[in-house]
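What follows is a short report on a single structure.
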Amino acid sequence: MSHPFDTQSLPRGASPAGLPARSGIGLKSAHVGEILQTLPELGFFEVHAENYMVDGGPFHQHLARICEHYPLSIHGVGLSIGAEGPLDACHLDALAALLDRYQPASFSEHLAWSSHGGVFLNDLLPLPYTGRTLQRVCEHIDQVQTRLRRRMLLENPATYVQFAESTWDEPAFIAEVVQRTGCGLLLDVNNVHVSSVNHHFDAQAYVRALPLDRVGEIHLAGFDEQVDAAGDPLLIDHHGAPVDAAVWQLYDYVLGLTGPVATLIERDNDLPALPVLLAEAGMAEHRLHNIRVSA
C-alpha cells in the first residue's frame with residue numbers, strides 16, 4: 001500500500017508532528033484564567049478536538065489566546081478509526097476545519113472504535129487484530145490523513161479484553177499500520193502498563209516491538225485498580241489520579257530507547273489545582289532533560 005507520508009528518514013527521537021520535546025498538560029477551562037495570568041513554563045497544551053467543534057464561544061476565545069504563547073496538540077476521541085462502517089464525513093470535515101483554524105503542531109487519534117450503525121458510544125472499544133481489521137484501519141487512516149492534509153499520530157489503546165480471533169499481537173499490528181500508512185505513533189505509556197497488567201505481558205518487550213522512531217508524543221496518566229472475577233488485579237485507565245510509580249519507571253525505560261519526546265500529563269477526572277499538574281509536568285521535564293539514551 002502506497003501513502004504520501006514518508007517517515008522513514010526521520011532521525012531517532014524526532015517528533016514527526018512538530019511538538020517540542022518538552023512536557024505539557026491538557027487545557028482545562030477551570031485553569032484557563034490562571035494560565036493566561038501566569039503563563040507557566042510548559043512545552044505545549046493539548047485539547048480534545050470534539051470540545052471545539054463549534055463556530056465560536058469562550059472555548060475558542062481562550063484557545064486562541066493560549067495559542068499565542070504555546071504550541072498546541074489536538075487529540076481526537078470521536079473518529080472511530082477501527083469501526084466496521086465508513087468514517088463519519090461530517091465529523092471529519094469539522095475536524096479538518098478545526099485543524100485549519102489552529103494549525104496545531106500535532107493531531108492524534110486512537111486505535112479503537114466508538115460507533116456502529118449510526119450509534120455513538122461513550123467509550124473507546126478494542127479491536128480484533130486480524131488482516132481484515134488491518135486493512136480497514138489503514139484505509140481509514142489514509143482517508144483521515146488525505147482529508148486533513150497532514151500526518152496523524154495513532155495512540156495505542158488500554159484494553160480489558162482480548163480477542164481469540166486475533167492473528168497479530170498488538171505491537172506488531174501497530175507497527176504494520178504505521179508502516180503501511182506513514183502515520184506516527186502516540187505512545188501512551190500508561191496504556192501499556194494498564195494492558196500489561198490486565199493481560200499479563202511484559203511491558204518492556206511490548207515497547208521494544210513498537211516502531212519507536214515514529215513516536216511523536218507520549219502520554220502519561222493515572223489509573224484505578226480494581227479486581228476482576230478471578231481475583232486478579234484489573235487496572236482501569238481513568239485519568240483521575242497522579243502518574244503511578246510503575247508508569248514513571250516504564251517512561252524512563254521508553255525515553256532510554258527514544259530519547260526526548262514531547263510528553264503530556266493527562267488528567268481528565270478529579271482535576272487538581274493547576275500547580276499540582278505543573279509539578280507532574282515538571283517531573284516529566286526533568287526526566288526528558290536527564291535521560292541517558294541506550295546505544
Side-chain angles (χ1 to χ4, degrees), residues 15 17-79 91 94-110 122 124 148 150 152-155 184 186-191 216-223 237-243 247 251 261-285 288:
S15 176
L19 283 172
R22 297 194 58 198
S23 64
I25 64 174
L27 181 65
K28 305 301 179 185
S29 58
H31 296 152
V32 168
E34 187 175 356
I35 290 166
L36 290 173
Q37 288 177 358
T38 61
L39 296 179
E41 183 64 25
L42 280 170
F44 65 99
F45 281 96
E46 184 162 286
V47 299
H48 287 172
E50 287 72 16
N51 291 336
Y52 293 83
M53 288 184 175
V54 293
D55 291 334
F59 273 28
H60 280 296
Q61 294 171 10
H62 295 153
L63 188 58
R65 293 184 62 190
I66 292 292
C67 289
E68 294 174 0
H69 303 283
Y70 300 95
L72 179 64
S73 172
I74 292 183
H75 189 49
V77 297
L79 267 180
H91 188 100
L95 182 59
L98 180 65
L99 269 60
D100 286 344
R101 181 173 185 169
Y102 288 105
Q103 294 297 314
S106 174
F107 169 70
S108 53
E109 249 287 0
H110 298 82
N122 190 28
L124 297 167
L148 300 183
R150 64 165 61 224
M152 62 165 279
L153 304 181
L154 183 67
E155 179 179 343
L186 192 165
L187 177 51
D188 192 311
V189 175
N190 184 65
N191 286 358
E217 187 178 346
I218 290 172
H219 278 186
L220 303 174
F223 56 79
D237 175 41
H238 77 331
H239 299 178
V243 178
V247 176
Y251 176 58
V261 177
T263 299
L264 179 80
I265 302 296
E266 282 192 294
R267 190 67 177 265
D268 297 316
N269 299 299
D270 293 328
L271 192 66
L274 179 61
V276 175
L277 289 180
L278 294 178
E280 276 202 296
M283 294 173 66
E285 188 91 357
L288 283 167

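For the pair T263 and A284, the tightest heavy-atom approach, listed with the atom from each and the gap, is CG2-CB, 4.2 Å. Closest of all the heavy-atom pairs between C67 and L72 is SG-CD2, 3.7 Å. Nearest heavy-atom pair across L278 and P40 is CD1-CB, 3.8 Å. The minimum heavy-atom distance linking V243 with E280 is given by the pair N-OE2, 2.8 Å. Considering all non-hydrogen atoms of both residues, P20 and G43 come closest at CG-O, 3.4 Å. Residues A30 and L271 approach most closely at CB-CD2, 4.3 Å, considering heavy atoms.
Y52 has its ring centre no less than 6.0 Å from the ring centre of H62.
Counting non-hydrogen atoms of neighbouring residues, nucleotides and ligands closer than 6.0 angstrom, the CZ atom of R101 exceeds 12 such neighbours. Under a cut-off of 6.0 angstrom, the local environment of CG in D55 is sparse, with at most 12 non-hydrogen atoms contributed by other residues, nucleotides or ligands.
Listed for the S106 side chain is no donor-acceptor partner under 3.5 Å among the backbone atoms of P104. With E50 contributing its side chain and V77 its backbone, the two residues share a donor-acceptor pair below 3.5 Å. Proximity of a side-chain donor or acceptor of H110 to a complementary backbone N or O of G76 within less than 3.5 Å is detected.
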Margin query: As a quick check of understanding, evaluate side chain to side chain contact (heavy atoms under 4.5 Å, CB included) for E285 and E41, giving each step before the final call.
Written below: CA-CA 10 Å; E285 188 91 357; E41 183 64 25; 5.9 Å; no
Item checked: side chain to side chain contact (heavy atoms under 4.5 Å, CB included) evaluation trace for H48 with D268 -> CA-CA 10 Å; H48 287 172; D268 297 316; 4.0 Å; yes
Check: Given the rule in the side chain to side chain contact (heavy atoms under 4.5 Å, CB included) test, do I25 and R267 qualify, once you have shown the distances and angles that lead to the verdict?
Finding: CA-CA 8 Å; I25 64 174; R267 190 67 177 265; over 6 Å; no
Next item on the list: Dump the intermediate steps for side chain to side chain contact (heavy atoms under 4.5 Å, CB included) on I66 and V47, then the final yes or no.
Entry: CA-CA 11 Å; I66 292 292; V47 299; over 6 Å; no
Next item on the list: For the pair H75 and E217, evaluate side chain to side chain donor-acceptor pair (under 3.5 Å) and give the outcome as yes or no after the intermediate values.
Entry: CA-CA 11 Å; H75 189 49; E217 187 178 346; over 6 Å; no
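Taking the side chain as every heavy atom from C-beta outward, Y251 and L187 never approach each other to under 4.5 Å. Inter-residue side-chain proximity for L42 and R22 is flagged as unmet; no heavy-atom pair is nearer than 4.5 Å. Residues L277 and H31 meet the side-chain proximity criterion, which asks for heavy atoms closer than 4.5 Å. Using a 4.5 Å heavy-atom threshold, the side chains of L63 and V32 count as separate.
Rounded to the nearest 0.5 angstrom, E266 CD and N190 CG are separated by 8.0 Å. Here the CG atom belonging to L186 is positioned 8.5 Å from the CG atom belonging to L154, to the nearest 0.5 angstrom. The line from CG of L27 to CG of N51 is 10.0 Å long, rounded to the nearest 0.5 Å. Summarising the geometry, atom CZ belonging to R150 is positioned 6.0 Å from atom CD belonging to Q103; distances are rounded to the nearest 0.5 Å. Atom CG of D188 is separated from atom OG of S108 by 10.0 Å, given to the nearest 0.5 angstrom. Atoms CG and CD, on L19 and E46 in that order, are 8.0 Å from each other to the nearest 0.5 Å.
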